[in-house]
Chemist: 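First the structure, which I've put down as structure tokens, then a few questions once you've had a look.
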Amino acid sequence: MSLQFGDEEFQSAWQELDEPQLDGWELFTEAMGVQIHRRYDRETGLYEYKVYGALDSCDPELCADVYMDLMYRKQWDSYVKELYVKDFDGQTAIYWEVKYPFPLKNRDYVYVRERRDLDINGRKIFVILARSSPETACPETSSALRVTDYKQSVAMESNGAGGTKVFMNYFDNPGGMIPTWLVNWAAKSGVPSFIKDLQKACNKYKSYCEKK
């Protein structure tokens, strides 16, 4: 995978586990032990989000492994239509098509990502960064609208009680005319549901690997 992320980006992500940087952010919603904060982006008219939460029954390394496993995600994430790593004219990137509810058109992404397993004064912290790669030579399809402005960072470490403390920062400009209700649903309901599904996936990952 193309390594296009700097040390400071990884540092910024894991430090949010200790000191959330929320100046200029508003608490949007809190559910299922997950806090979601948002900040309005004037340039796009959309919101950027920060998520703080925990996965109760799986350790952070397992969570990171599950998060990175694209083949496995196609089994537990019902919104995935296509998801794979491919070489596009010499550049390795990930292609991801997301199902949208009728009558909206599906969205697809071409992005790069990098994982680092950090040792911070004896603390094991797992950080995964991703962002869209519009320069990648992946042709658009008629079945989906290409998202060219996407970024995500995830930091995970043990919560000291057998679970995982999680921080996530993401921004996604899906383009087109997306109804406000769908944007609000994705943030309020979709994110907590995703974390719940991720936890279930972690619990089933060992048996999945044994069957491969």
Side-chain angles (χ1 to χ4, degrees), residues 1 10 13-18 20 27-37 49-85 94-101 106-107 109 111-120 122-131 150-170 172 182 184-212:
M1 196 66 60
F10 286 91
W14 74 258
Q15 286 181 335
E16 291 267 5
L17 293 168
D18 293 344
L27 178 61
F28 180 47
T29 188
E30 186 170 4
M32 294 161 46
V34 177
Q35 277 194 353
I36 303 175
H37 300 258
Y49 295 92
K50 286 186 176 182
V51 181
Y52 302 87
L55 300 175
D56 294 332
S57 58
C58 50
D59 70 77
E61 185 171 8
L62 173 62
C63 289
D65 289 345
V66 169
Y67 197 85
M68 292 290 290
D69 192 328
L70 302 182
M71 292 296 294
Y72 183 46
R73 181 159 177 174
K74 287 192 284 188
Q75 295 198 13
W76 62 266
D77 186 345
S78 62
Y79 293 99
V80 172
K81 183 174 182 181
E82 296 283 350
L83 183 59
Y84 53 82
V85 179
I94 296 169
Y95 177 82
W96 177 31
E97 182 176 345
V98 179
K99 299 174 186 176
Y100 268 57
N106 287 356
R107 267 37 176 193
Y109 302 71
Y111 68 96
V112 292
R113 73 174 179 180
E114 182 182 352
R115 168 180 166 174
R116 290 189 190 177
D117 299 353
L118 307 175
D119 186 327
I120 309 297
R123 296 163 59 190
K124 292 184 178 180
I125 303 178
F126 304 87
V127 180
I128 302 166
L129 304 182
R131 66 164 162 254
Y150 158 77
K151 67 175 182 178
Q152 185 175 74
S153 59
V154 180
M156 307 175 182
E157 75 166 332
S158 171
N159 66 358
T164 298
K165 186 178 180 182
V166 180
F167 162 73
M168 181 187 297
N169 176 210
Y170 72 97
D172 184 338
L182 182 58
N184 287 337
W185 172 86
K188 279 193 172 182
S189 303
V191 173
S193 294
F194 173 79
I195 291 178
K196 184 177 180 181
D197 290 343
L198 177 61
Q199 180 163 314
K200 290 179 180 177
C202 289
N203 295 338
K204 297 177 181 178
Y205 193 52
K206 183 178 179 180
S207 61
Y208 164 78
C209 292
E210 290 173 348
K211 292 177 183 178
K212 287 200 299 184

Chemist: How long is the gap from CD1 on I195 to CD1 on I36, to the nearest 0.5 Å?
Modeler: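 Here the rounded value is 7.0 Å.
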Chemist: Between atom CG of L83 and atom CD of E97, what is the distance when rounded to the nearest 0.5 Å?
Modeler: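 Here the rounded value is 11.0 Å.
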Chemist: Rounded to the nearest 0.5 Å, what separation is found between the CG atom of D117 and the CE atom of M156?
Modeler: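 The CG atom of D117 sits 11.0 Å away from the CE atom of M156.
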Chemist: For the residue pair A54 and Q199, what are the closest heavy atoms and their distance?
Modeler: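 Heavy-atom minimum between the residues: O-OE1, 4.4 Å.
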Chemist: Give a yes or no on whether a salt bridge exists between D65 and R115, defined as a side-chain N under 4.0 angstrom from a carboxylate O.
Modeler: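 A salt bridge is present here (some side-chain N lies under 4.0 Å from a carboxylate O).
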Chemist: For residues N169 and F167, report the shortest heavy-atom separation together with the two atoms involved.
Modeler: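 Answer, listing the atom of N169 first, then F167: CB-CZ, 3.5 Å.
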Chemist: Please find the pair of heavy atoms, one from I94 and one from V85, that lie closest to each other, and give the distance.
Modeler: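 Taking I94 first and V85 second, the nearest heavy atoms are CG1-CG2, 3.9 Å.
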Chemist: Atom NZ of residue position K99 - does it have more than 12 heavy atoms of other residues, nucleotides or ligands inside 6.0 Å?
Modeler: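 Counting neighbours around NZ of K99, more than 12 heavy atoms of other residues, nucleotides or ligands fall under 6.0 Å, so yes.
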Chemist: How long is the gap from CE on M168 to NZ on K50, to the nearest 0.5 Å?
Modeler: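 These two atoms lie 13.5 Å from each other.
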Chemist: Crowded around K74 NZ? As in, over 12 foreign heavy atoms under 6.0 Å?
Modeler: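 More than 12 heavy atoms, drawn from other residues, nucleotides or ligands, come within 6.0 Å of this atom.
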Chemist: Any chance you could lay out the side chain to side chain contact (heavy atoms under 4.5 Å, CB included) test for E157 and W14, step after step, and finish with the verdict?
Modeler: CA-CA 9 Å; E157 75 166 332; W14 74 258; over 6 Å; no
Chemist: Can you establish whether the number of heavy atoms outside M71 located under 6.0 Å from its atom CE is more than 12?
Modeler: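 No, because the 6.0 Å sphere around CE of M71 holds 12 heavy atoms or fewer from other groups.
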Chemist: Under the rule for side-chain hydrogen bond (donor to acceptor under 3.5 Å, both in side chains), what residues qualify as partners of D18, not counting sequence neighbours?
Modeler: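 side-chain hydrogen bond (donor to acceptor under 3.5 Å, both in side chains) check on D18 returns R123.
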Chemist: State, to 0.1 Å, how close N203 and S57 come at their nearest heavy-atom pair, and which atoms those are.
Modeler: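 Heavy atoms of N203 and S57 come nearest at OD1-OG, 3.2 Å.
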Chemist: If you compare all heavy atoms of P60 against all heavy atoms of T164, which two are closest, and at what distance to 0.1 Å?
Modeler: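 Nearest pair, atom of P60 first, then T164: N-OG1, 3.0 Å.
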Chemist: Angle class for the Y205/Y72 ring planes (parallel below 30°, perpendicular above 60°, tilted otherwise)?
Modeler: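 Ring orientation, 0 to 90° scale: tilted.
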Chemist: Can you check whether E114 reaches F10 side chain to side chain, under 4.5 Å on heavy atoms?
Modeler: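 E114 reaches F10 side chain to side chain.
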Chemist: If I compare all heavy atoms of K165 with all of L17, which pair ends up nearest, and what's the gap?
Modeler: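 Taking K165 first and L17 second, the nearest heavy atoms are NZ-O, 2.7 Å.
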Chemist: Applying the ring pair (Phe, Tyr, Trp, His ring centres under 6.0 Å) criterion to F194, which one of W76, Y79, Y49 satisfies it?
Modeler: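 Testing F194 for a ring pair (Phe, Tyr, Trp, His ring centres under 6.0 Å) against W76, Y79, Y49 leaves exactly one candidate, W76.
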Chemist: Mind checking the CD-CG spacing from Q152 to L129? Nearest 0.5 Å is all I need.
Modeler: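 Nearest 0.5 Å value for the CD-CG distance: 9.5 Å.
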Chemist: If you measure from CG on L70 to CD on Q75, what distance do you get to the nearest 0.5 Å?
Modeler: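 Reported value, rounded in 0.5 Å steps: 12.5 Å.
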Chemist: Just say parallel, tilted or perpendicular for the rings of Y109 and Y150, cut-offs at 30° and 60°.
Modeler: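 Correct class here is perpendicular.
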